[in-house]
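A short write-up of the structure that comes next.
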Protein chains: 2
Amino acid sequence: MEKKRKTGRPSRIQSVERALTLLEVLAQEDGEMTLTSLSQKVGWPKSTVHGLLATLRDFHYVDQSAETGCYKLGIRLFELGNQLSRSWDILDAAHPVMLRLCRELGETVQLGTEDDGEILYLEKLAPNSVVSILSEVGNRLPMHCSGLGKVLLAQKSPGELKSYISRGGLPALTKRTITTQAKLEKELARVREQGYAMDDGEITEGLRCVAVPIWDGTGSVRYAVSVSGQIPNMGGERLERIIRELQQAAEEISYAMGSRRKRMQT
Amino acid sequence: MEKKRKTGRPSRIQSVERALTLLEVLAQEDGEMTLTSLSQKVGWPKSTVHGLLATLRDFHYVDQSAETGCYKLGIRLFELGNQLSRSWDILDAAHPVMLRLCRELGETVQLGTEDDGEILYLEKLAPNSVVSILSEVGNRLPMHCSGLGKVLLAQKSPGELKSYISRGGLPALTKRTITTQAKLEKELARVREQGYAMDDGEITEGLRCVAVPIWDGTGSVRYAVSVSGQIPNMGGERLERIIRELQQAAEEISYAMGSRRKRMQT
DNA sequence: AGCACAATTCGGTATTGCCGAACACATATC
DNA sequence: GATATGTGTTCGGCAATACCGAATTGTGCT
């Protein structure tokens, strides 16, 4: 009553905000949580949380363990997430090409895009799937340290780059991560010149990654593909071959995207 | 004021119910929708729908097109869905084995489980990914017509089977679909005897699928794997080989699941 | 310009969801 | 076996909250 609401944005629905916040907390904890622990985590009364959870449960957005009564993320999120990803043309276009690349090179192949100032991994194909690479589909990483990110950053104007840096800074994930604007600008210039980007242990020590842009029909770059592996497997002759095949793959994907453009919504 | 609430279940939060209903509608339409069309679809005033959508948008559960202002499912669903699937042990255990199977046989390999009386597809590996098979990851199909479903149905007691039938009936997807209880019981007996199930064009004309159960440590069956392909490629000698390899794969997955059991939550 | 149709804002009303306390139930603990 | 802590769940009354209709702004089309 005294003040207007803090955020200038009008009319958000409290109970929906709270319900979604509960989902965020459950996602963050990444496992089962008791109603009570959720309740004290967010600081709302148990009964309030209970009502919200019951509603989410009815829609299968959360799942309640039959024995323990604990709550976790529900199956509907899996279904909706998959449905959403199926609606993206880029996956249709990129998947067969990535599959071939993964087999021929025997290394991990990834596809990413920029979302909200970060790299979002859309697809990952691993040859043996035993190797553990930090990035997973649906995960996010800063742009300035990943190969995919550098490719997309390299497309930006100086102003956009500056706003990226001022937004999240240049946090270091390893000692090799680029952390100054000057070095990043130099790196991006090289990316533009070479036509590909490299992450040399800047996310995870010992892991190297090369990435190239995917051009769409309008001449802009919204996606990038990459190949990553242990540094010993990613050098010399072999590296050159990888880059060559990667660039060819990107061209194929770009082409496939173009031919997929003839779709309209119903 | 007049009546109590229709459903006996207590205290569901209306605005959360409405917000989630909007997501369901957006998922069903599978594309962009205008606020107005959403509004009249659900029958609530525009301003009400607007508030709900604004809240969902803030959390990236819906996305609003910059140009058209239309709404669609948001990226957070993709992220949460993938995070959820990563928490399932079965995928870790099954994926490498499925990958090998897919390569060796050159056919589509799928993994499914029962959820809410239907088969839910958890993973799908296609050799060329050009072939279009009806089922997709995150999709659902009736149990009585799919190979995966028959495997899981075959584990049920007569009472459970009856309740399955009375719940959803035995709808026919093709002219070959089993639609009578007697035939289904006979079919399931054969499944138990043979150790595998077959779908012979019962979902899609011309498509055959063989499936086997995955046993967990406790001796129960919660998942099943299958191989599907065009009927000409799935007969005679080759079929026998497929079944043999499939059964071996299922054993490996079962074993891997067991060894993964030594995990506790933090 | 003017129209038609989009999304968005506004403010008053009473419906709605919030809250604290009491409940039921299970599992340890003594 | 009774006690103590831990769950999730229910209840009812108060008032804050979300709903609604109408008015507003914005955009594309004729």
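Source: prediction; values computed, not measured. Naming: A, B, ... by sequence-line order, numbering from 1 per chain.
- Put simply, the side chain of Tyr61(A) never gets that close to the backbone of Ala19(A): no donor and acceptor are under 3.5 Å apart.
- For the side chain to side chain contact (heavy atoms under 4.5 Å, CB included) test, residues two or more places apart in sequence or in another chain that qualify with Glu32(A) are Ser65(A), Thr68(A), Cys70(A), Lys72(A).
- Residues satisfying the side chain to side chain contact (heavy atoms under 4.5 Å, CB included) criterion with Lys162(B), sequence neighbours excluded, are Gln181(B).
- Taking 4.0 angstrom as the limit, His50(A) places a side-chain polar atom (N or O) nearer than this to OP1 or OP2 of dT9(D).
- With sequence neighbours excluded, the residues forming a ring-ring contact (aromatic ring centres under 6.0 Å, His included) with Phe78(B) are Trp88(A), listed by chain and number.
- Counted by atom type alone, Asp30(A) and Gln83(B) present one or more donor-acceptor pairs between their side chains at under 3.5 Å.
- Looking at Thr113(B), its side chain does come within 3.5 Å of a backbone N or O of Arg222(B) through a donor-acceptor pair.
- In terms of phosphate contacts, Tyr71(B) brings no side-chain nitrogen or oxygen within less than 4.0 Å of OP1 or OP2 of dA6(C).
- When rounded to the nearest whole Å, the span between CG of Leu53(A) and P of dT9(D) equals 9 Å.
- To the nearest 0.5 Å, atom CZ of residue Arg12(A) and atom CG of residue Leu53(B) are 10.5 Å apart.
- Of the residues in residues 25-34 of chain A, those with a non-hydrogen atom less than 4.0 angstrom from any atom of DNA chain D are Thr34(A).
- As rounded to whole Å, 15 Å separates atom P of dT25(D) from atom NZ of Lys46(B).
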Please tabulate, one pair per line, each protein N/O and nucleotide N/O from nucleotides 27-30 of chain D that are separated by under 3.5 Å, including the distance.
none

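- Taking each heavy atom of Arg192(B) and Glu185(B) in turn, the nearest pair found is NH2-O, 4.5 Å.
- Salt-bridge annotation for Arg140(A) and Asp115(A): present, with a side-chain N of the basic residue lying under 4.0 Å from a carboxylate O of the acidic one.
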| note | With B for base contact, S for sugar-phosphate-only contact and - for none (protein heavy atoms under 4.0 Å), nucleotides 12-20 of chain D reads -----SSSB
| task | With salt bridge (Lys or Arg N to Asp or Glu O under 4.0 Å) as the test, would you mind laying out the steps for Asp58(B) and Arg76(B) before giving the verdict? | result | CA-CA 11 Å; Asp58(B) 284 356; Arg76(B) 193 86 248 262; over 6 Å; no
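- Here dA7(C) presents its P atom at 15 Å from CG of Leu56(B), a figure rounded to the nearest Å.
- Put simply, the side chain of Tyr121(B) never gets that close to the backbone of Leu141(B): no donor and acceptor are under 3.5 Å apart.
- A gap of 16 Å separates the C1' atoms of dT13(C) and dG17(C), to the nearest Å.
- Taking 4.0 angstrom as the limit, Gln64(B) places a side-chain polar atom (N or O) nearer than this to OP1 or OP2 of dT8(C).
- Distances shown here put a side-chain N or O of Thr36(A) below 4.0 Å from the OP1 or OP2 atom of dG8(D).
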